[in-house]
S.K.: 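Structure below; questions to follow.
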Amino acid sequence: MSQKKIFLVLIAISTPLKNDPSISFLKTHKTASSTVQNILFRFAERNNLTVALPITTCDHQFCYPRPFSAHFVHPHTTPPDIITNHLRFSRAELRRLMPNNTFYITILREPGAMFESLFTYFNQYCLSFKRVPNGSLETFLDHPWSYYRPEEKDSMYARNTLTFDLGGDKDRPSSKAAAYAKRFAVEMERVFSLVMIAEYFDESLVLLRRLLSWDLDDVLYVSLNMRTPDSKSSLSSENAAKIRAWNAIDSVLYDYFNASLWRQLRELGLSCVEREVQLLRQSRDRLVRRCFGGHLPPLRSAAQITNKELRPWQPSAKVAIVGYDLPVNITQKGHRLCLGAPKERYGFPNDQCERIVKLVSFYSPFLAAKCP
C-alpha cells in the first residue's frame with residue numbers, strides 16, 4: 001500500500017511477569033476496533049510489554065486475508081504479550097503463539113451500519129463494490145449477485161465480513177446459513193472471553209477493564225478513524241433489512257453477542273455499569289482538556305494535520321477520513337502525555353528498523369516512533 005504511516009514499535013526491553021494475562025484482540029473491520037487497538041498499544045507502551053508485529057512481507061496486517069499463521073509474526077516480537085493487528089482468526093495458530101492464560105477479545109458492529117461503512121470505505125479496492133454503477137449502495141443491494149464474486153480478491157469486504165474475520169464461512173448457502181450461524185456463534189462464545197459491541201462501546205470497556213483488572217485510566221480513548229458526515233449514507237429501513245439479509249450470518253452473530261453483552265452487564269448491575277461509564281467519560285474529558293487545551297479541536301483532514309503520527313490513512317479520494325491535531329503550543333510534558341515518549345528500535349537490525357516501524361498500524365495516535 002502506497003501510503004504508510006510511521007508510528008510506534010511496541011517492543012519490550014524486559015520480560016513481564018508470566019502470571020500477567022496475555023491478550024489476543026481480533027481487530028475486525030469498521031467496528032471501532034482501531035480505538036480498542038490504540039488502548040492496547042498504549043497499555044503495552046506504559047507497561048513495557050511485547051506486541052506481536054507482522055513480518056515484512058505481511059505489510060501492516062498479519063497477511064490478511066490469509067488464515068493467521070504463527071509464522072506471520074516477526075521473530076523480534078516473540079513471544080508476545082499482546083497481538084492486535086488485523087488477522088483472520090485461527091484458534092489453533094494463535095494457541096501456538098500465545099500463552100495458555102491469554103484472553104481472547106473482539107468487537108462487533110451492527111451489520112447495517114458496518115456494511116454501509118465497508119461499502120464506502122472499500123469502494124475503490126473491493127471489486128464487488130467497484131463495478132457497481134455510480135458507486136450506488138442501493139444498486140448493489142437490489143442485485144448483489146450481479147456484482148459479487150465469492151472467490152475474488154477482497155470479496156471478504158462485500159459479504160459477512162465479521163464471519164470471515166472470525167475464521168468462518170462467509171458464503172455458506174442460504175438454506176444452511178441460519179443453522180450454521182447459530183453453531184458458529186456458540187463456538188465463538190467458547191473461545192472469546194469478551195465480545196465487545198461498538199454501539200455500546202463504553203459499556204463494553206467497563207467489562208474489558210474488569211476482565212483484565214485494569215485501572216480506569218487504562219481504557220481512556222479518543223475516537224479514531226472517523227468519516228466526515230458527507231461521506232456517510234443514511235440507511236432506509238428497507239436497505240437496512242436488505243443488508244441484514246445479505247449478511248445473514250453476521251446478523252445472527254451480532255444479535256447473539258449483543259444479547260450476551262447485556263446479560264453480562266445486567267449480572268454486573270446496570271446502575272453500577274452506568275456509574276462506571278460516567279466515571280470513564282469524566283476521566284476522558286479530563287484527558288482531552290490536558291491534551292487539547294480544554295476541548296477537542298475541530299476535526300481536520302489528513303492534509304491539514306501537521307503531526308505526521310496523527311494523520312489518518314485515506315482509502316480513496318471519495319472518502320474523507322478525519323482526525324485531530326495537537327495544539328501548536330503544547331508543552332513537552334503534554335506532548336509526552338498525549339503522544340507518549342518516542343521509542344528507539346529495541347534491538348531491530350539497522351536495515352530492518354524503518355521497515356518494521358512502518359508496519360505497526362495505520363491508526364495509532366498518542367504514540368510516536370523513530371529509528372536511530
S.K.: How many angstroms lie between atom CG of Leu53 and atom OG1 of Thr77, to the nearest 0.5 angstrom?
M.R.: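 Answer rounded to 0.5 Å: 5.0 Å.
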
S.K.: Name each donor-acceptor pair under 3.5 Å that joins a side chain in residues 208-218 to protein atoms two or more places apart or in another chain, with its distance.
M.R.:
unit_1, atom_1, unit_2, atom_2, d
Arg209, NE, Glu276, OE2, 2.6
Arg209, NH1, Trp214, O, 2.8
Arg209, NH2, Glu276, OE1, 3.4
Arg209, NH2, Glu276, OE2, 2.9
Arg210, NE, Glu276, OE1, 3.2
Arg210, NH2, Glu276, OE1, 3.0
Asp218, OD1, Arg46, NH2, 3.1
Asp218, OD2, Asp215, N, 2.9

S.K.: List the atom of Val51, the atom of Ala44, and the distance in Å for their closest heavy-atom pair.
M.R.: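 Of all heavy-atom pairs spanning Val51 and Ala44, the closest is CG2-CB, 3.5 Å.
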
S.K.: Between Leu270 and Trp262, is any pair of side-chain heavy atoms under 4.5 Å apart?
M.R.: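 Yes, their side chains come closer than 4.5 Å.
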
S.K.: Are any of the side-chain nitrogens in Lys242 or Asp142 under 4.0 Å away from the carboxylate oxygens of its partner?
M.R.: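 Salt bridge between Lys242 and Asp142, a charged N being under 4.0 Å from a carboxylate O: yes.
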
S.K.: Could you tell me whether the side chains of Glu199 and Tyr254 share a donor-acceptor contact shorter than 3.5 Å?
M.R.: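 There is such a pair between these side chains.
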
S.K.: Consider only side-chain heavy atoms of I, L, V, M, F, W and Y, link residues closer than 4.5 Å, and tell whether Val277 and Phe201 are in one cluster.
M.R.: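 Yes.
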
S.K.: Nearest heavy-atom pair of Ala181 and Leu253: which atoms, and what distance?
M.R.: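 Nearest heavy atoms, Ala181 then Leu253: O-CD2, 4.4 Å.
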
S.K.: Verify side-chain contact (heavy atoms from CB on, under 4.5 Å) between Leu97 and Phe68, making sure each step is shown before the conclusion.
M.R.: CA-CA 11 Å; Leu97 176 73; Phe68 176 76; 3.9 Å; yes

S.K.: Between Glu187 and Arg190 (salt bridge meaning N to carboxylate O under 4.0 Å), is one present in this structure?
M.R.: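 Salt bridge absent between Glu187 and Arg190.
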
S.K.: Go through the steps to decide whether Leu261 and Met196 satisfy the test side-chain contact (heavy atoms from CB on, under 4.5 Å), and finish with yes or no.
M.R.: CA-CA 7 Å; Leu261 179 89; Met196 304 171 67; 5.6 Å; no

S.K.: So, Gln282 versus Gln278: side-chain donor-acceptor pair below 3.5 Å or not?
M.R.: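 Not at all, the side chains of Gln282 and Gln278 share no donor-acceptor pair under 3.5 Å.
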
S.K.: Looking only at non-hydrogen atoms, find the nearest pair between Phe257 and Glu189 and report the distance.
M.R.: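 Taking Phe257 first and Glu189 second, the nearest heavy atoms are CZ-N, 3.7 Å.
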
S.K.: Against Ile83, only a single residue in Leu87, Asp81, Asn85 fulfils side chain to side chain contact (heavy atoms under 4.5 Å, CB included); can you say which?
M.R.: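 Exactly one candidate clears the test, Leu87.
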
S.K.: Looking only at side chains, do Ser34 and Lys27 share a donor and an acceptor under 3.5 Å apart?
M.R.: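 Note: Ser34 and Lys27 side chains meet the donor-acceptor criterion.
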
S.K.: Less than 4.5 Å apart, any side-chain heavy atom of Gln264 and any of Ser260?
M.R.: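 Gln264 reaches Ser260 side chain to side chain.
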
S.K.: Could you walk me through whether Arg286 and Ser283 pass the side-chain contact (heavy atoms from CB on, under 4.5 Å) test, one step at a time?
M.R.: CA-CA 5 Å; Arg286 287 194 294 270; Ser283 296; 3.0 Å; yes

S.K.: Hey, could you give me the NE2/OG1 distance between His71 and Thr57, rounded to the nearest 0.5 Å?
M.R.: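 Going from NE2 on His71 over to OG1 on Thr57, the span is 12.5 Å.
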
S.K.: How close do Ser128 and Arg149 get, counting heavy atoms only, and between which atoms?
M.R.: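 That closest heavy-atom pairing would be OG-N, 3.6 Å.
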
S.K.: Would you compute the distance between atom CE of Met156 and atom CG of Asp171 and round it to the nearest 0.5 angstrom?
M.R.: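 Rounded to the nearest 0.5 Å, the CE-CG separation comes to 12.0 Å.
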
S.K.: Minimum heavy-atom separation for Asn160 and Ala248, please, with both atom names.
M.R.: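 Reported closest heavy-atom pair: OD1-N, 3.5 Å.
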
S.K.: How are the rings of Phe140 and Phe119 set relative to one another: parallel (under 30°), tilted (30 to 60°) or perpendicular (over 60°)?
M.R.: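 Because their plane-to-plane angle lies in the 30° to 60° range, the rings of Phe140 and Phe119 count as tilted.
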
S.K.: With a 4.5 Å heavy-atom cut-off, do Asn123 and Lys130 have their side chains touching?
M.R.: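 They are not in contact (no side-chain heavy atoms under 4.5 Å apart), so the answer is no.
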
S.K.: When clusters are formed by joining ILVMFWY residues with side-chain heavy atoms under 4.5 Å apart, either directly or through shared neighbours, do Ile107 and Phe184 land in the same one?
M.R.: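 Yes.
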
S.K.: In terms of hydrophobic clustering (I, L, V, M, F, W, Y; side-chain heavy atoms under 4.5 Å; direct or indirect links), are Leu108 and Met188 co-clustered?
M.R.: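 Yes, one cluster joins them.
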
S.K.: Between His60 and His86, is the ring-ring contact (aromatic ring centres under 6.0 Å, His included) condition met? List the steps.
M.R.: CA-CA 8 Å; His60 69 290; His86 278 302; 7.1 Å; no

S.K.: Do Arg159 side-chain atoms and Trp246 backbone N/O form a donor-acceptor pair below 3.5 Å?
M.R.: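 Yes, Arg159 side chain to Trp246 backbone: donor-acceptor pair under 3.5 Å.
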
S.K.: Counting C-beta onward and ignoring hydrogens, is there a side-chain heavy-atom pair between Ser69 and Phe62 closer than 4.5 Å?
M.R.: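 Contact flag for Ser69/Phe62 side chains = no.
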
S.K.: Should Leu127 and Trp145 be counted in the same cluster of Ile, Leu, Val, Met, Phe, Trp and Tyr side chains packed under 4.5 Å apart?
M.R.: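 Looking at the clustering, Trp145 is in a separate group from Leu127.
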
S.K.: Would you say the side chain of Tyr104 lies within less than 4.5 Å of the side chain of Met98, judging by non-hydrogen atoms?
M.R.: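 Yes; the side chains approach each other to less than 4.5 Å.
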
S.K.: If you define the side chain from C-beta out and look only at heavy atoms, does anything of Arg95 sit under 4.5 Å from Arg91?
M.R.: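 Of all side-chain heavy-atom pairs linking Arg91 with Arg95, at least one is under 4.5 Å.
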
S.K.: Closer than 3.5 angstrom, by distance alone: can the side chain of Arg109 be matched with the main-chain N or O of Lys30 as a donor-acceptor pair?
M.R.: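 Between the backbone of Lys30 and the side chain of Arg109 there is a qualifying donor-acceptor contact (under 3.5 Å).
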
S.K.: So that I know where these two stand, are Phe89 and Phe192 an aromatic pair - ring centroids less than 6.0 Å apart?
M.R.: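 Yes - the distance between ring centres of Phe89 and Phe192 falls below the 6.0 Å cut-off.
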
S.K.: Rounded at 0.5 Å granularity, tell me how far CD in Gln61 sits from CZ in Arg88.
M.R.: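 Separation between the atoms: 13.5 Å.
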
S.K.: Taking atom CG of Leu141 and atom CD of Glu238, what is their separation to the nearest 0.5 Å?
M.R.: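 The distance works out to 9.5 Å.
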
S.K.: Tell me, please, whether Tyr180 has Arg172 positioned over its six-membered ring: NZ or CZ under 6.0 Å from the ring centre and within 45 degrees of its axis?
M.R.: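 That pair qualifies as a cation-pi contact.
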
S.K.: May I ask whether Leu94 and Val195 are part of the same hydrophobic cluster, defined by side-chain heavy atoms of I, L, V, M, F, W, Y residues being less than 4.5 angstrom apart, directly or through others?
M.R.: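 They do share one cluster, since a chain of ILVMFWY contacts under 4.5 Å joins Leu94 to Val195.
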
S.K.: The test is side-chain contact (heavy atoms from CB on, under 4.5 Å); show your working for Phe122 and Asp154 and say whether it passes.
M.R.: CA-CA 9 Å; Phe122 291 111; Asp154 293 336; over 6 Å; no

S.K.: One thing to verify: whether Arg244 and Asp255 come together as a salt bridge, which I'm taking to mean a side-chain N less than 4.0 angstrom from a carboxylate O.
M.R.: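 Answer for the salt bridge query: yes.
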
S.K.: Compare every heavy atom of Ala158 with every heavy atom of Phe129, then report the nearest pair and how far apart it is.
M.R.: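 For Phe129 versus Ala158, the nearest heavy atoms are CZ-CA, 3.5 Å.
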
S.K.: If we check side chain to side chain contact (heavy atoms under 4.5 Å, CB included) with Asp250, which of these qualifies: Leu166, Ile243, Leu162?
M.R.: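 The single option meeting the side chain to side chain contact (heavy atoms under 4.5 Å, CB included) with Asp250 is Leu162.
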
S.K.: Measure the spacing between NZ of Lys170 and OG1 of Thr161 and express it to the nearest 0.5 Å.
M.R.: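 Going from the NZ atom of Lys170 to the OG1 atom of Thr161 covers 8.5 Å.
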
S.K.: Is the Lys NZ or Arg CZ of Lys182 less than 6.0 Å from the centre of Tyr256's six-membered ring, within 45° of the axis?
M.R.: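 No cation-pi geometry.
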
S.K.: Evaluate Thr28 against Asp165 for side-chain hydrogen bond (donor to acceptor under 3.5 Å, both in side chains), listing each step before the verdict.
M.R.: CA-CA 6 Å; Thr28 48; Asp165 285 354; 5.3 Å; no

S.K.: How about Ser22 and Ile82: do any of their side-chain heavy atoms sit closer than 4.5 Å?
M.R.: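 No - every pair of side-chain heavy atoms lies 4.5 Å or more apart.
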
S.K.: Show your reasoning for whether salt bridge (Lys or Arg N to Asp or Glu O under 4.0 Å) applies to Glu45 and Arg42.
M.R.: CA-CA 5 Å; Glu45 193 265 347; Arg42 286 186 288 117; over 6 Å; no

S.K.: Decide yes or no for Phe103 and Ser24: does some side-chain heavy atom of the first lie under 4.5 Å from some side-chain heavy atom of the second?
M.R.: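 When only atoms from C-beta onward are counted, Ser24 and Phe103 do not touch, as no gap falls below 4.5 Å.
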
S.K.: Are side-chain N/O atoms of Glu116 and Thr120 paired as donor and acceptor at under 3.5 Å?
M.R.: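 Looking only at side-chain atoms, Thr120 and Glu116 do form a donor-acceptor pair, the distance falling under 3.5 Å.
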
